[in-house]
Amino acid sequence: MQKIGCYLQRISAFYNEIRNKDISIEINQSFFVLVKKLKETITNMPMRYIGGSISLNHYSIYKYYPSGKIQNSLKQNLSWLIKGFGYFSIPREYFEAFKVLGSFINGTDSIIFKWAEFSVTASGKKLSPEKVINEILKNPVTEREIKNSKELYKNLLKENGQVFCVWTGNHINTYDIHHLIPFSIFKNNDMWNLLPSQSSINNRKRDKIPTIQTLKNAEELIIYYWELIYNKQKDYFLDQVQVSLLGNLPKDKWQKSAFSQLINTSKYLIEIRGYEPWKL
(Lines give C-alpha, C1' and ligand atoms only; values in the text may rest on other atoms or scores of the structure.)
Protein backbone atom coordinates (compact mmCIF):
# COMPACT_ATOMS: atom_id res chain seq x y z
CA MET A 1 0.00 0.00 0.00
CA GLN A 2 2.98 2.31 0.51
CA LYS A 3 3.73 2.17 -3.23
CA ILE A 4 0.13 3.01 -4.08
CA GLY A 5 0.25 5.93 -1.63
CA CYS A 6 3.43 7.17 -3.32
CA TYR A 7 1.80 6.97 -6.73
CA LEU A 8 -1.21 8.92 -5.44
CA GLN A 9 1.07 11.68 -4.15
CA ARG A 10 2.65 11.94 -7.58
CA ILE A 11 -0.75 11.99 -9.25
CA SER A 12 -1.82 14.75 -6.88
CA ALA A 13 1.27 16.82 -7.72
CA PHE A 14 0.66 16.33 -11.43
CA TYR A 15 -3.04 17.21 -11.07
CA ASN A 16 -2.26 20.45 -9.28
CA GLU A 17 0.45 21.42 -11.77
CA ILE A 18 -1.67 20.97 -14.87
CA ARG A 19 -4.75 22.46 -13.26
CA ASN A 20 -3.25 25.53 -11.57
CA LYS A 21 0.08 26.36 -13.15
CA ASP A 22 2.23 24.57 -15.74
CA ILE A 23 3.90 21.20 -16.06
CA SER A 24 7.45 21.45 -14.68
CA ILE A 25 10.19 22.08 -17.24
CA GLU A 26 11.98 18.86 -16.21
CA ILE A 27 9.28 16.70 -17.81
CA ASN A 28 8.10 19.14 -20.47
CA GLN A 29 9.35 17.22 -23.51
CA SER A 30 8.39 13.81 -22.13
CA PHE A 31 4.88 15.03 -21.37
CA PHE A 32 4.58 16.48 -24.89
CA VAL A 33 5.57 13.15 -26.45
CA LEU A 34 3.15 11.31 -24.16
CA VAL A 35 0.07 13.43 -24.89
CA LYS A 36 0.79 13.40 -28.64
CA LYS A 37 0.87 9.60 -28.54
CA LEU A 38 -2.30 9.46 -26.48
CA LYS A 39 -4.06 11.76 -28.94
CA GLU A 40 -2.94 9.68 -31.94
CA THR A 41 -3.97 6.40 -30.30
CA ILE A 42 -7.40 7.65 -29.24
CA THR A 43 -8.30 9.39 -32.51
CA ASN A 44 -6.90 6.73 -34.85
CA MET A 45 -8.28 3.71 -33.04
CA PRO A 46 -11.42 3.78 -30.83
CA MET A 47 -12.80 7.10 -32.09
CA ARG A 48 -12.29 6.01 -35.68
CA TYR A 49 -13.89 2.57 -35.47
CA ILE A 50 -16.59 2.89 -32.80
CA GLY A 51 -19.96 2.66 -34.54
CA GLY A 52 -18.76 0.28 -37.22
CA SER A 53 -21.59 -2.12 -36.43
CA ILE A 54 -24.18 0.47 -37.46
CA SER A 55 -22.29 2.35 -40.17
CA LEU A 56 -19.68 1.55 -42.81
CA ASN A 57 -18.07 4.96 -42.33
CA HIS A 58 -15.17 5.79 -40.05
CA TYR A 59 -15.82 8.31 -37.27
CA SER A 60 -19.54 7.61 -37.54
CA ILE A 61 -20.18 8.53 -33.88
CA TYR A 62 -17.15 10.54 -32.77
CA LYS A 63 -16.36 13.44 -35.09
CA TYR A 64 -12.81 14.65 -34.53
CA TYR A 65 -11.77 18.22 -35.34
CA PRO A 66 -7.98 18.72 -35.15
CA SER A 67 -6.56 22.13 -34.31
CA GLY A 68 -3.72 21.96 -36.84
CA LYS A 69 -0.10 21.09 -36.15
CA ILE A 70 0.51 20.41 -32.48
CA GLN A 71 3.15 22.71 -31.03
CA ASN A 72 5.02 22.20 -27.79
CA SER A 73 5.03 25.03 -25.26
CA LEU A 74 6.81 26.00 -22.07
CA LYS A 75 3.34 26.61 -20.63
CA GLN A 76 1.81 23.14 -20.61
CA ASN A 77 -1.56 23.31 -18.86
CA LEU A 78 -5.22 22.45 -19.46
CA SER A 79 -5.74 25.45 -21.72
CA TRP A 80 -2.78 24.42 -23.88
CA LEU A 81 -4.12 20.86 -24.14
CA ILE A 82 -7.58 22.00 -25.20
CA LYS A 83 -6.41 24.58 -27.72
CA GLY A 84 -3.70 22.43 -29.25
CA PHE A 85 -5.18 18.96 -29.50
CA GLY A 86 -8.55 19.60 -31.11
CA TYR A 87 -12.01 18.59 -30.02
CA PHE A 88 -14.72 16.09 -30.90
CA SER A 89 -18.49 15.92 -31.08
CA ILE A 90 -21.05 13.14 -30.73
CA PRO A 91 -24.77 13.03 -31.64
CA ARG A 92 -27.01 14.51 -28.98
CA GLU A 93 -28.83 11.24 -28.32
CA TYR A 94 -25.53 9.55 -27.45
CA PHE A 95 -24.57 12.48 -25.25
CA GLU A 96 -27.81 12.15 -23.29
CA ALA A 97 -27.18 8.41 -22.83
CA PHE A 98 -23.61 9.03 -21.66
CA LYS A 99 -24.87 11.50 -19.04
CA VAL A 100 -27.04 8.80 -17.46
CA LEU A 101 -24.96 5.67 -18.01
CA GLY A 102 -21.50 7.09 -18.64
CA SER A 103 -19.57 5.30 -15.91
CA PHE A 104 -20.81 1.95 -17.23
CA ILE A 105 -20.57 2.66 -20.97
CA ASN A 106 -17.12 4.28 -21.05
CA GLY A 107 -15.51 1.45 -19.09
CA THR A 108 -14.19 3.46 -16.15
CA ASP A 109 -15.51 1.00 -13.62
CA SER A 110 -14.10 -2.04 -15.39
CA ILE A 111 -10.70 -0.36 -15.88
CA ILE A 112 -10.48 0.38 -12.16
CA PHE A 113 -11.45 -3.18 -11.29
CA LYS A 114 -8.90 -4.68 -13.72
CA TRP A 115 -6.16 -2.44 -12.30
CA ALA A 116 -7.11 -3.61 -8.81
CA GLU A 117 -6.84 -7.24 -9.92
CA PHE A 118 -3.42 -6.56 -11.43
CA SER A 119 -2.22 -4.83 -8.24
CA VAL A 120 -3.33 -7.77 -6.12
CA THR A 121 -1.43 -10.20 -8.34
CA ALA A 122 1.67 -8.00 -8.44
CA SER A 123 1.70 -7.80 -4.62
CA GLY A 124 1.76 -11.57 -4.31
CA LYS A 125 -1.79 -11.53 -2.95
CA LYS A 126 -0.72 -9.32 -0.03
CA LEU A 127 -3.38 -6.78 -1.04
CA SER A 128 -7.11 -7.18 -1.51
CA PRO A 129 -9.10 -5.72 -4.43
CA GLU A 130 -11.15 -3.67 -1.94
CA LYS A 131 -8.08 -1.95 -0.45
CA VAL A 132 -6.64 -1.16 -3.88
CA ILE A 133 -9.92 0.26 -5.18
CA ASN A 134 -10.34 2.44 -2.09
CA GLU A 135 -6.86 3.91 -2.67
CA ILE A 136 -7.40 4.42 -6.41
CA LEU A 137 -10.68 6.23 -5.88
CA LYS A 138 -9.17 8.78 -3.49
CA ASN A 139 -9.24 12.26 -4.98
CA PRO A 140 -6.01 14.13 -5.75
CA VAL A 141 -4.76 16.21 -2.84
CA THR A 142 -6.04 19.74 -3.37
CA GLU A 143 -5.69 21.40 0.04
CA ARG A 144 -2.94 23.72 -1.21
CA GLU A 145 -5.01 24.66 -4.23
CA ILE A 146 -7.97 25.57 -2.00
CA LYS A 147 -5.80 27.63 0.34
CA ASN A 148 -4.19 29.61 -2.50
CA SER A 149 -7.50 30.27 -4.23
CA LYS A 150 -9.22 31.43 -1.06
CA GLU A 151 -6.32 33.68 -0.07
CA LEU A 152 -6.34 35.33 -3.48
CA TYR A 153 -10.08 35.86 -3.30
CA LYS A 154 -9.93 37.40 0.16
CA ASN A 155 -7.27 39.85 -1.04
CA LEU A 156 -9.45 40.80 -3.97
CA LEU A 157 -12.43 41.43 -1.73
CA LYS A 158 -10.33 43.38 0.76
CA GLU A 159 -9.12 45.70 -2.01
CA ASN A 160 -12.65 46.16 -3.31
CA GLY A 161 -14.08 47.14 0.07
CA GLN A 162 -17.59 45.90 0.74
CA VAL A 163 -18.44 42.23 0.63
CA PHE A 164 -21.92 40.89 -0.04
CA CYS A 165 -23.23 37.38 0.56
CA VAL A 166 -23.70 35.89 -2.87
CA TRP A 167 -27.01 34.27 -1.84
CA THR A 168 -28.70 36.91 0.32
CA GLY A 169 -27.10 40.11 -0.99
CA ASN A 170 -26.49 41.20 2.61
CA HIS A 171 -23.39 43.24 3.42
CA ILE A 172 -21.15 41.01 5.56
CA ASN A 173 -18.01 41.67 7.59
CA THR A 174 -17.08 38.03 8.08
CA TYR A 175 -17.73 35.35 5.53
CA ASP A 176 -16.87 31.92 4.20
CA ILE A 177 -15.42 31.38 0.74
CA HIS A 178 -17.56 28.48 -0.35
CA HIS A 179 -18.12 26.38 -3.46
CA LEU A 180 -21.08 27.23 -5.67
CA ILE A 181 -21.14 23.61 -6.77
CA PRO A 182 -19.84 21.51 -3.84
CA PHE A 183 -16.31 20.21 -4.22
CA SER A 184 -17.38 16.81 -2.89
CA ILE A 185 -19.53 16.44 -6.01
CA PHE A 186 -17.93 18.56 -8.74
CA LYS A 187 -14.22 18.33 -7.71
CA ASN A 188 -13.59 21.90 -8.81
CA ASN A 189 -11.64 24.63 -7.01
CA ASP A 190 -11.65 27.15 -9.87
CA MET A 191 -12.05 30.79 -8.94
CA TRP A 192 -15.49 31.04 -10.58
CA ASN A 193 -16.71 28.32 -8.20
CA LEU A 194 -15.43 30.04 -5.03
CA LEU A 195 -17.67 32.86 -3.83
CA PRO A 196 -18.27 34.64 -0.49
CA SER A 197 -21.21 33.62 1.64
CA GLN A 198 -22.52 34.18 5.14
CA SER A 199 -21.26 31.36 7.36
CA SER A 200 -24.79 30.50 8.47
CA ILE A 201 -25.95 30.20 4.86
CA ASN A 202 -22.93 28.14 3.90
CA ASN A 203 -23.61 25.77 6.79
CA ARG A 204 -27.18 25.30 5.58
CA LYS A 205 -26.14 24.69 2.00
CA ARG A 206 -23.24 22.29 2.68
CA ASP A 207 -23.07 19.63 -0.07
CA LYS A 208 -26.39 20.47 -1.69
CA ILE A 209 -26.82 21.78 -5.23
CA PRO A 210 -28.37 25.25 -5.62
CA THR A 211 -31.58 25.08 -7.61
CA ILE A 212 -31.97 26.86 -10.93
CA GLN A 213 -34.16 29.53 -9.34
CA THR A 214 -31.68 30.05 -6.50
CA LEU A 215 -28.90 30.60 -9.04
CA LYS A 216 -31.04 32.95 -11.11
CA ASN A 217 -31.85 34.99 -7.99
CA ALA A 218 -28.11 35.33 -7.34
CA GLU A 219 -27.10 35.88 -10.98
CA GLU A 220 -26.21 39.57 -10.60
CA LEU A 221 -23.88 38.96 -7.65
CA ILE A 222 -22.33 35.82 -9.14
CA ILE A 223 -21.39 37.70 -12.31
CA TYR A 224 -20.27 40.70 -10.22
CA TYR A 225 -17.75 38.54 -8.38
CA TRP A 226 -16.68 36.80 -11.58
CA GLU A 227 -15.91 40.17 -13.12
CA LEU A 228 -13.88 41.19 -10.05
CA ILE A 229 -11.60 38.19 -10.60
CA TYR A 230 -11.57 38.70 -14.36
CA ASN A 231 -10.35 42.28 -13.98
CA LYS A 232 -7.54 41.09 -11.71
CA GLN A 233 -6.46 37.87 -13.43
CA LYS A 234 -7.99 37.87 -16.88
CA ASP A 235 -6.11 35.03 -18.60
CA TYR A 236 -6.04 32.75 -15.56
CA PHE A 237 -9.74 33.21 -14.89
CA LEU A 238 -10.83 32.82 -18.52
CA ASP A 239 -8.79 29.64 -18.91
CA GLN A 240 -10.59 28.14 -15.93
CA VAL A 241 -14.00 29.26 -17.15
CA GLN A 242 -13.35 27.91 -20.64
CA VAL A 243 -12.25 24.51 -19.36
CA SER A 244 -15.13 24.07 -16.89
CA LEU A 245 -18.01 26.07 -18.39
CA LEU A 246 -17.54 27.58 -21.84
CA GLY A 247 -15.96 24.76 -23.82
CA ASN A 248 -15.73 25.93 -27.42
CA LEU A 249 -18.03 28.89 -26.93
CA PRO A 250 -16.36 32.25 -27.70
CA LYS A 251 -14.81 34.14 -24.80
CA ASP A 252 -16.40 37.47 -25.71
CA LYS A 253 -19.59 38.00 -23.74
CA TRP A 254 -18.46 35.10 -21.56
CA GLN A 255 -20.60 36.14 -18.59
CA LYS A 256 -23.98 35.02 -19.92
CA SER A 257 -22.60 31.87 -21.57
CA ALA A 258 -20.77 30.81 -18.42
CA PHE A 259 -23.78 31.46 -16.21
CA SER A 260 -26.02 29.53 -18.60
CA GLN A 261 -23.70 26.54 -18.35
CA LEU A 262 -23.69 26.85 -14.56
CA ILE A 263 -27.48 26.55 -14.73
CA ASN A 264 -27.16 23.45 -16.95
CA THR A 265 -24.70 21.88 -14.52
CA SER A 266 -27.05 22.44 -11.60
CA LYS A 267 -29.97 20.98 -13.54
CA TYR A 268 -27.95 17.91 -14.54
CA LEU A 269 -26.70 17.22 -11.02
CA ILE A 270 -30.19 17.53 -9.52
CA GLU A 271 -32.39 15.97 -12.20
CA ILE A 272 -30.08 13.34 -13.71
CA ARG A 273 -27.63 12.49 -10.93
CA GLY A 274 -30.17 12.89 -8.14
CA TYR A 275 -28.21 15.14 -5.77
CA GLU A 276 -30.14 17.00 -3.09
CA PRO A 277 -31.28 20.47 -4.21
CA TRP A 278 -30.88 23.56 -2.05
CA LYS A 279 -32.84 26.79 -2.11
CA LEU A 280 -32.67 29.86 0.09
Side-chain angles (χ1 to χ4, degrees), residues 19 96 99-100 102 139 142-143 145-234 236-247 249 251 253-280:
R19 185 81 197 184
E96 296 298 332
K99 286 201 302 184
V100 179
N139 296 312
T142 56
E143 285 85 356
E145 178 185 357
I146 297 171
K147 180 180 178 181
N148 291 345
S149 295
K150 290 185 175 181
E151 190 64 32
L152 173 62
Y153 213 135
K154 287 187 177 182
N155 288 337
L156 278 173
L157 296 175
K158 185 177 180 180
E159 291 176 11
N160 193 62
Q162 292 185 318
V163 179
F164 303 93
C165 173
V166 68
W167 301 119
T168 65
N170 295 334
H171 175 259
I172 47 181
N173 294 317
T174 59
Y175 51 87
D176 291 343
I177 300 294
H178 87 302
H179 293 81
L180 274 179
I181 305 297
F183 180 81
S184 61
I185 295 171
F186 199 50
K187 306 298 183 292
N188 185 293
N189 285 317
D190 290 349
M191 296 298 293
W192 65 264
N193 197 36
L194 292 167
L195 300 179
S197 167
Q198 292 175 227
S199 298
S200 59
I201 300 296
N202 188 28
N203 289 333
R204 284 161 54 188
K205 177 179 174 290
R206 291 291 182 179
D207 291 336
K208 303 181 183 70
I209 307 298
T211 64
I212 292 175
Q213 190 57 54
T214 300
L215 288 172
K216 287 183 176 179
N217 292 342
E219 179 178 2
E220 184 177 349
L221 272 173
I222 290 174
I223 293 178
Y224 164 75
Y225 284 124
W226 284 355
E227 289 178 339
L228 273 183
I229 308 168
Y230 171 83
N231 291 331
K232 198 72 174 178
Q233 296 196 2
K234 177 180 178 181
Y236 179 66
F237 177 75
L238 279 185
D239 282 348
Q240 290 186 338
V241 168
Q242 185 167 37
V243 169
S244 300
L245 296 176
L246 292 180
L249 294 175
K251 289 184 178 180
K253 299 181 180 179
W254 56 267
Q255 293 92 333
K256 292 295 183 182
S257 297
F259 187 79
S260 177
Q261 186 54 43
L262 176 62
I263 292 288
N264 292 337
T265 299
S266 172
K267 182 177 180 181
Y268 164 70
L269 291 171
I270 293 172
E271 297 182 4
I272 303 298
R273 297 292 302 277
Y275 288 106
E276 185 177 356
W278 175 79
K279 61 181 179 179
L280 188 62

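Values below: all heavy atoms of this structure, side chains included; hydrogens, waters and symmetry mates excluded. In this text the structure is predicted, and so the values were computed from the model without any measurement.
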Can you confirm whether F259 sits close enough to L215 that some side-chain heavy atom of one is under 4.5 Å from a side-chain heavy atom of the other? yes

Is there a side-chain contact between L180 and L262, using heavy atoms and a 4.5 Å cut-off? yes

Does either side chain, that of N231 or that of E227, offer a donor lying less than 3.5 Å from an acceptor on the other one? no

Looking only at heavy atoms, which two atoms of Q198 and I172 are closest? And how far apart? CG-CG2, 3.4 Å

I'd like to know whether NZ of K232 has more than 12 heavy-atom contacts from other residues, nucleotides or ligands below 6.0 angstrom. no

Identify the heavy atoms of H179 and N189 that sit nearest to each other, and give their distance. NE2-OD1, 2.7 Å

dist T265:OG1 -> I212:CD1 (nearest 0.5 Å) comes out at 10.5 Å

Report the distance from atom CD1 of I185 to atom CD1 of I209, rounding to the nearest 0.5 Å. 3.5 Å

What closest approach, in Å, do M191 and F237 show between heavy atoms, and which atom pair accounts for it? CB-CD1, 4.3 Å

Where the side chain of N188 meets the backbone of D190, is there a donor-acceptor pair that is under 3.5 Å apart? yes

Under 3.5 Å donor-acceptor, S260 side chain and K256 backbone: no

Spell out, as yes or no, whether a donor-acceptor pair under 3.5 Å connects the side chain of R273 to the backbone of I270. no

Less than 4.5 Å apart, any side-chain heavy atom of Q240 and any of V243? no

Which residues share a side chain to side chain contact (heavy atoms under 4.5 Å, CB included) with K205, sequence neighbours left out: W167, H178, P182, P210, W278

Let me confirm one number: the CZ-CG distance from F183 to L194, rounded to the nearest 0.5 Å. 10.0 Å

Minimum heavy-atom separation for L280 and T168, please, with both atom names. CD2-CG2, 4.0 Å

Could you state the interatomic distance from CD (Q162) to CG (N173), rounded to the nearest 0.5 Å? 9.5 Å

Please name all residues satisfying salt bridge (Lys or Arg N to Asp or Glu O under 4.0 Å) with E276, sequence neighbours left out, ordered by chain then number. none

Name the orientation class of the two ring planes belonging to W226 and W254 (parallel below 30°, tilted from 30 to 60°, perpendicular beyond 60°). tilted

For the residue pair G169 and L221, what are the closest heavy atoms and their distance? CA-CD1, 3.6 Å

Is the closest side-chain heavy-atom distance between I177 and P196 below 4.5 Å? yes

Please enumerate all residues that pass side chain to side chain donor-acceptor pair (under 3.5 Å) together with S199, with sequence neighbours excluded. D176

I222 CD1 to N193 CG distance, which is reported to the nearest 0.5 Å: 10.0 Å

When rounded to the nearest 0.5 angstrom, what distance separates OG in S200 from CG in N170? 9.0 Å

Does the Y225 side chain pair with the main chain of F164, one donor and one acceptor, at a distance under 3.5 Å? yes

Any side-chain donor-acceptor pair under 3.5 Å between E220 and Y224? no

